[in-house]
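Everything on this sheet refers to the single structure shown next.
Labels below follow one simple rule: chain letters A, B, ... track the order of the sequence lines, proteins then strands, and each chain is numbered from 1. All values derive from a computational prediction rather than experimental measurement.
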Amino acid sequence: MLEFHDFLIPRRVMAKGYDHHELEAKWQAYWEEHRPFRAMNDSSKPKFYCLDMFPYPSGSGLHVGHLEGYTATDIVSRYKRMKGFNVLHPMGWDAFGLPAEQYAVKTGVHPALTTAQNIATFKRQMKRVGLSYDWERELSTTDPDYYRWTQWIFLQLYKRGLAYVAEVPVNWCPALGTVLANEEIVDGKSEVGGFDVIRKPMRQWVLKITAYADRLLEDLKLVEWPASTLEMQKNWIGRSIGAEVDFALADAKGAIRVFTTRPDTLFGATYMVLAPEHPLVDVVTGAAQKAAVTAYREAAARKSDLQRQELDKEKTGVFTGGYAINPVNGERLPVWLADYVLMSYGTGAIMAVPAHDERDWAFAKTYQLPIREVIQGGHVQEAAFVETDRGTVVNSALQDGSLSLNGMKPAEAIPAITAWLEQKGTGKKAINYKLRDWLFARQRYWGEPFPIVHCPACNSPVPLPESALPLVLPEAQDFKPKIFVPQQTESGHRGTTGTVDVMEVFDAPLARVVSQDVKRLWRETTCPRCNQAAQRETNTMPQWAGSCWYYLRFADPKNAKQLVDPAMERYWMPVDLYVGGSEHAVLHLLYSRFWHKVLYDIGVVSTPEPFKKLVHQGIVLGEDNQKMSKSRGNVVNPDDMMDQFGADAVRLYEMFMGPLEAMKPWSSRGVEGVTRFLDRVWRLMVTEDGGLSSSVVTAAPSVEQQRLLHQTIKKVSEDIDELRFNTAIAQMMVFTNEMTKADQRPRALLEPFVLLLSPFAPHVAEELWAILGHAPSVSQQTWPVYDPALTVSDRLTIPVQINGKLRGKIEVAADTARDVVERTARETVAEWLQGSEPKKVIYVEKKLVNFVI
RNA sequence: GCGCGAGUGGCGGAAUCGGCAGACGCACAGGACUUAAAAUCCUGGGUCAGCGAUGGCGUGCGGGUUCAAUUCCCGCCUCGCGCACCA
């Protein structure tokens, strides 16, 4: 019996046109069984490789941000299949990584177990969304059958001298117990967890990415990537062209070599600066300055990188007492020490030209060093004049007349002086890069082991033979790294003060692993070269390793003999469309490109670049327009959304929110909106009890209806090609709104429309296709083709303007001659013309008439 | 500071080879159906003035080019992203 309050409580039971739970389960089961999304290896069809950046399977499952990119590529993949392409649309797992290991440290649960569970969750959610992946090609970076090839690539790098061990200052994160790459540090803290990071010299594996700097820069011309991403890669590589110049020491043997991009200002050098760590510091320092120099060097060493990078701070330095000789004019220049010069860039030493460099200018002002103008055009006593393109060289000639740059533009002076230096043997043209070699080792358990042993007898790292691969990650029981676990400080930041002396000696987890079969340390082994006792490398590879080449393995995921079969590689590569977050704009993409070029050089791959077209999906914000986060409580869970609205509605809303690449807020109301749209589509052809509606007729559509259909086919096709899914959906809404008004709905319109809808809302489309009386699957139908003649109207509405202001509109036949259009227009705006003749009449065919009076 | 990108109704957004600004959706208002509601369907709307026909003003701000500017040019402002003493 109904109570009064039953009438007051709003029912959340939606009067939906269809039961999305039932319908999605039905079609997902069908796809599971019939596998219509498999990529064929032997096909005469043209290929299309459509790839998502594979995820790290975190414990929190998919979020709506993931889904945006995945839905976009899914629509493209489904569309391309219907257009006759053999589509490769795979998914895998970037499953090595720190979170699972940290979870293991906390709970003792093995990372492999956590990872497997998380993968299962991700996969279940992806299937629930109806993503049309070829699951037969699924891979995980943690699978020995996969990482044996990651190790294999490392061996190739090693063989070619591109992997080497070096004692380098590294970014050590005590809280994480590992080193981090420069790129993994944000504002002096670890990107993961936000812990303090300090500099510490360590023996490390390093990859020589700098050997490929030029090609990594040059080949950016070959790809269709967002301008911002290309720009970021260029900046990261940071090529600058200039000269290396030697300044002989005045009172000692040797010379200070500097790198400069402005050799045209050589006559303006008034002092030199060495980085505090520069090896020549002891040589140039005079006895009187020894104490001050030592104090300065120690102070600099104590500063963390963060402190040294503080920009606004006053520049500091100390005079060494030594002098160097300017090679152009023989002047004695005082040599200073200052931490604004970095040991890690160029030669770690500069010639200072305060008149034409802002940093040198600030330093010269602080220490009252002379400022000498050599490029005319500014006021060098007030500020450094750095605009090379408007200025003329002055004060730059030798008395004997053997060299003069005076009167030249800097652009002319640079090659002139460089040639002079080369002739004198005191300098040469040089190119420098900001890019540094890639620190490739981590002191972690959950990563790929290095296929390397350290042999005391051979006195070098010895690579394992390829036949020994994979070197399987050994079982471990204790994941706790032996690390100093810092206390929470008052400021809320965990970590150290940045000094090295609080450090213990830290062992990587693999150093302590005991092999279960033989009850000895896993690291104890024999040298594959000399058979003497040797030690395995106990570092593991960084997470980037596995993601550097996974796109290749999808082309041939089960191959036990090769990384990828050459025929498969040639057929599928390159990736035609690659979609993923812009947070990977530099690192992942640069590292991948580097490995790809190495593989290209050894003949494993046939293309110089792996990813032809790249698109970054935008960030999805919470309903409050803030970044989604647990602490804000504004996280939208895809499972909840799909429970309530269904997978098709969620897919459609993800695409309808706005342009793919834009940052945009989630709106539950918006999801309801697209849900209404799907219900309207449903009701166009289905009755309340699920049968085919009697309004669906076989009669021929009207010309207007056909025009709308063909305009819709055109718009939807072109918009998918351009990844403009939001406007494609808007057009389908227009079509649906029109069809709703008609009570006779010709099949000839509805059937192509269902095909257009199918990449966006595949479950509903499959069901509608079946209700219309067709055998499955809609995904295997041919994409509708539009007739261009049917997309244009035979009647036109032409706006009529007076002086550019809209004053009227006329409707004419599309083929109306100009004079007729003009005459009609004049009649329409006669009261504005007031009988006088316009000064000018502008007629844009089929677009507009404008009278200038 | 430098580089890149973006600023359009109450909201998400559409329209840029210069040519009717605001498609589509959300929210809102009115109507139909209903005892009533929900759902659905129809209608309306940038803003100001006016009963209305109409007209003025409108795409961050200020200039410019043009018959015509959201679109192109110059100078600012704001926001986002990236880099940040790289010689």
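- Among the heavy atoms of the strands lying under 4.0 Å from A/Gln801 is at least one base atom, whether or not backbone atoms are also near.
- Across the interface with RNA chain B, nearest-nucleotide mapping of A/Met351 and A/Ser582 shows A/Ser582 to be the residue nearer the 5′ end.
- At distances below 3.5 Å, not a single donor-acceptor pair connects side-chain atoms of A/Arg239 with backbone N or O atoms of A/Asn432.
- In terms of phosphate contacts, A/Ser240 brings a side-chain nitrogen or oxygen within less than 4.0 Å of OP1 or OP2 of B/A87.
- In this structure, A/Tyr367 and A/Phe363 have tilted ring planes: the angle between them lies in the 30° to 60° band.
- Closest approach of A/Lys428 and A/Thr418 over heavy atoms only: C-CG2, 4.2 Å.
- Residue-level contact check: A/Met732 touches neither bases nor backbone, having no heavy atom under 4.0 Å from any strand.
- Here the nucleotide nearest the side chain of A/Pro799, chosen from B/C26, B/C20, B/G12, is B/C20.
- OP1 or OP2 of B/C26 lies within a sub-4.0 Å distance of a side-chain N or O belonging to A/Arg676.
- For A/Leu342, the listed nucleotide lying nearest its side chain is B/A87; candidates were B/C20, B/G13, B/A87.
- Note: A/Trp682 and A/Tyr18 have tilted aromatic rings, judged against thresholds of 30 and 60 degrees for the angle between ring planes.
- Backbone-only engagement by A/Arg807 is indicated by non-hydrogen atom pairs under 4.0 Å involving sugar-phosphate atoms exclusively.
- Base contact: A/Val844 has a heavy atom under 4.0 Å from a base atom.
- Ranking B/C85, B/C20, B/C24 by closeness to the A/Lys809 side chain, first place goes to B/C20.
- In the set B/G19, B/A15, B/C24, the nucleotide with an atom closest to the side chain of A/Lys847 is B/G19.
- Taking all atoms of both residues into account, the shortest heavy-atom contact from A/Ala761 to A/Leu678 is CB-CD2, 3.9 Å.
- Looking at the side chain of A/Met232, the nearest of the listed nucleotides B/A87, B/G82, B/A21 is B/G82.
- Close to B/C57, at under 4.0 Å from its OP1 or OP2, lies a side-chain N or O of A/Lys805.
- Residue A/Asn737 is classed as a sugar-phosphate contact, given heavy-atom separations below 4.0 Å to backbone atoms only.
- Looking at heavy-atom distances under 4.0 Å, A/Asn850 makes contact with a base.
- Annotated as anti: B/G80, whose O4'-C1'-N torsion sits more than 90° from 0.
- In the set B/C42, B/C83, B/C67, the nucleotide with an atom closest to the side chain of A/Lys840 is B/C67.
- If you check every strand for non-hydrogen atoms under 4.0 Å, A/Ser228 touches sugar and phosphate atoms only.
- Side chain of A/Leu848, nearest nucleotide from B/G19, B/C67, B/C26: B/G19.
- Of the candidate nucleotides B/C20, B/A15, B/C67, B/C67 has the atom nearest to the side chain of A/Val852.
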